[in-house]
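Computed from a predicted structure; not experimentally measured. Sequential numbering from 1 along the given sequence is applied to the chain's residues.
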Amino acid sequence: GAAAVRSARGPLRTVRSRRTWAVGLVVLAALVGFSLLLPTTRGQRSAPFRVAGGGGAFATLSEAVAAAADGATIEIDGNGPYRVRSVDLGDKRMVIRAAPGSTPVLMGNDSQAASAPLLHGSGALRLEGLEIRWSMTDRGLESFRGFVGQAAVAITGGELTLKNCRIVAGPTTSCVGSVGGSVHATGVHFIADAGPCMAWRPGGGVALTAEHCVWESPRMAILLVADAEPTDATCKLTLRRNTVATTRLLFFTLQETGLKFDVVSRQNAYDVDGLLFATPGDGYDRTMRLADVLRTIRAMFSWEERDNGYRT
């Protein structure tokens, strides 16, 4: 009896086992087939530049910007890298950001440097979660002022906001250039091959704020270009929790101007040879005595410092 029961259960187990394997293989095949149909955010997509709010998806960033209205948001789906051309934003206010799950890389042509910034315009611009690799042709910069426009991202007049981005600039290119507007950077990694990480030509009453950023350049982190026109205004420059590896933190053109810089530096790690370095600006008296030069610098800058670390 017991043997009969075991022999009866034996074949039954075998049938069930075979059925289980068969069902499992069918389910596995279905899942694999279904997974092949699912979209992925990795690699390149055919139309990765989407204008939020039903504005359409486009194959190029230029097309998306042209279709976007003032104040629109463009999301980039996929990691790329995407080969892009210079885009003139005009006076449109715009947000360009990575789509959820994506870390898009925007870059130019490896064999030929660009003749203009990747993104340039006069409206407010916000960039989030992007990696930009850009190099411009050497246009024979006559002064450091040229680095403001010779940048991977260049904005005139509008406010520039950068969050969780990585910007890599070629030999004759700055990472960011701004004229007359405020700049706010959070969690940004600036890498400049030979120029400044940021070239800032501020107007009166604007601000530059950088927090949790990394600055890498063999020459300078921030180039300040002060206009020679007389003015009586103060620009705020706030640096918090940054890591700076360069020769000079602030490189500025010395001008006889009323523009003042109120600098706040807190909890930064500085691997630099010097904090301030000045060069004569346009129309500046190069025969001025050292005492007068120091007086001009003291008139231009006020400096508040707390809990910074310096290379020894």
Side-chain angles (χ1 to χ4, degrees), residues 39-137 148-170 173-179 181 183-185 187-192 198:
T40 175
T41 58
R42 296 185 177 182
Q44 295 189 356
R45 308 294 298 276
S46 59
F49 303 98
R50 300 196 309 253
V51 180
F58 302 88
T60 68
L61 180 58
S62 299
E63 291 173 328
V65 169
D70 180 41
T73 295
I74 295 176
E75 289 192 339
I76 304 176
D77 191 13
N79 299 338
Y82 297 111
R83 301 286 182 178
V84 292
R85 295 181 178 180
S86 174
V87 180
D88 185 354
L89 304 173
D91 60 357
K92 290 181 179 179
R93 297 167 298 166
M94 194 163 294
V95 176
I96 303 177
R97 67 190 183 196
S102 297
T103 53
V105 177
L106 306 179
M107 59 191 303
N109 191 328
D110 282 340
S111 61
Q112 184 178 4
S115 59
L118 166 59
L119 298 169
H120 56 102
S122 58
L125 176 64
R126 182 181 181 92
L127 305 179
E128 297 181 9
L130 308 181
E131 178 170 336
I132 296 173
R133 306 173 190 170
W134 200 252
S135 183
M136 289 182 61
T137 55
V148 177
Q150 184 126 336
V153 179
I155 298 297
T156 300
E159 183 173 88
L160 177 61
T161 303
L162 308 167
K163 184 176 182 180
N164 299 332
C165 293
R166 185 174 188 262
I167 305 178
V168 183
T173 310
S174 56
C175 297
V176 170
S178 172
V179 178
V183 180
H184 305 287
V188 180
H189 190 174
F190 300 98
I191 303 175
M198 183 181 297

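Here A68 pairs with V51, A72, I74, M94 under the side chain to side chain contact (heavy atoms under 4.5 Å, CB included) rule; sequence neighbours left out. Scored by the side chain to side chain contact (heavy atoms under 4.5 Å, CB included) test, V87 finds L61, S62, V65, L89, L119 as partners (sequence neighbours excluded). Considering only residues two or more places apart in sequence or on other chains, T73 meets the side-chain hydrogen bond (donor to acceptor under 3.5 Å, both in side chains) condition with none of them. Take R126 and apply the salt bridge (charged side-chain N to carboxylate O under 4.0 Å, His left out) test, not counting sequence neighbours, and it matches E128. With sequence neighbours left out, the side chain to side chain contact (heavy atoms under 4.5 Å, CB included) criterion links A66 to no other residue.
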Test log, rule side-chain contact (heavy atoms from CB on, under 4.5 Å), inputs T60 and V84: CA-CA 7 Å; T60 68; V84 292; over 6 Å; no
Pair N164-V188, side-chain contact (heavy atoms from CB on, under 4.5 Å): steps then yes or no: CA-CA 5 Å; N164 299 332; V188 180; over 6 Å; no
side-chain contact (heavy atoms from CB on, under 4.5 Å) between V168 and I132, intermediate numbers included: CA-CA 6 Å; V168 183; I132 296 173; over 6 Å; no
V153 vs H120, side-chain contact (heavy atoms from CB on, under 4.5 Å): CA-CA, chis, key distance, verdict: CA-CA 6 Å; V153 179; H120 56 102; over 6 Å; no
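Residues F190 and M198 share a closest heavy-atom pair of CZ-CE, 4.0 Å. A57 and A47 get closest at one heavy-atom pair: CB-O, 3.8 Å. The minimum heavy-atom distance between S86 and P117, with the atom names listed, is OG-O, 2.5 Å. Taking every heavy atom of both residues into account, G129 and A98 meet most closely at O-CB, 3.5 Å. Closest approach of S135 and G170 over heavy atoms only: OG-CA, 3.7 Å. Closest non-hydrogen pair, W134 versus A116, comes out as NE1-O, 3.0 Å.
To the nearest 0.5 Å, atoms CG (L118) and CG (L130) are separated by 9.0 Å. The OG atom of S178 sits 8.0 Å away from the CD1 atom of I155 when rounded to the nearest 0.5 Å. The structure places CD of E131 at 4.5 Å from CZ of R166, a figure rounded to the nearest 0.5 Å. Note: H189 NE2 to L162 CG = 14.0 Å, rounded to the nearest 0.5 Å. Note: T161 OG1 to L127 CG = 8.5 Å, rounded to the nearest 0.5 Å.
Using a distance-only test at 3.5 Å, with no hydrogens or angles considered, no donor-acceptor pair links the side chain of R133 to the main chain of M107.
Sorted by first and then second residue, the salt bridge (Lys or Arg N to Asp or Glu O under 4.0 Å) pairs involving residues 93-108 (not counting sequence neighbours) are D70-R93, E75-R97. Within the structure, ring pair (Phe, Tyr, Trp, His ring centres under 6.0 Å) contacts touching residues 49-76 (residues at least two apart or in different chains) are F49-Y82.
For the residue pair N79 and S102, no side-chain donor N or O sits within less than 3.5 Å of a side-chain acceptor on the partner.
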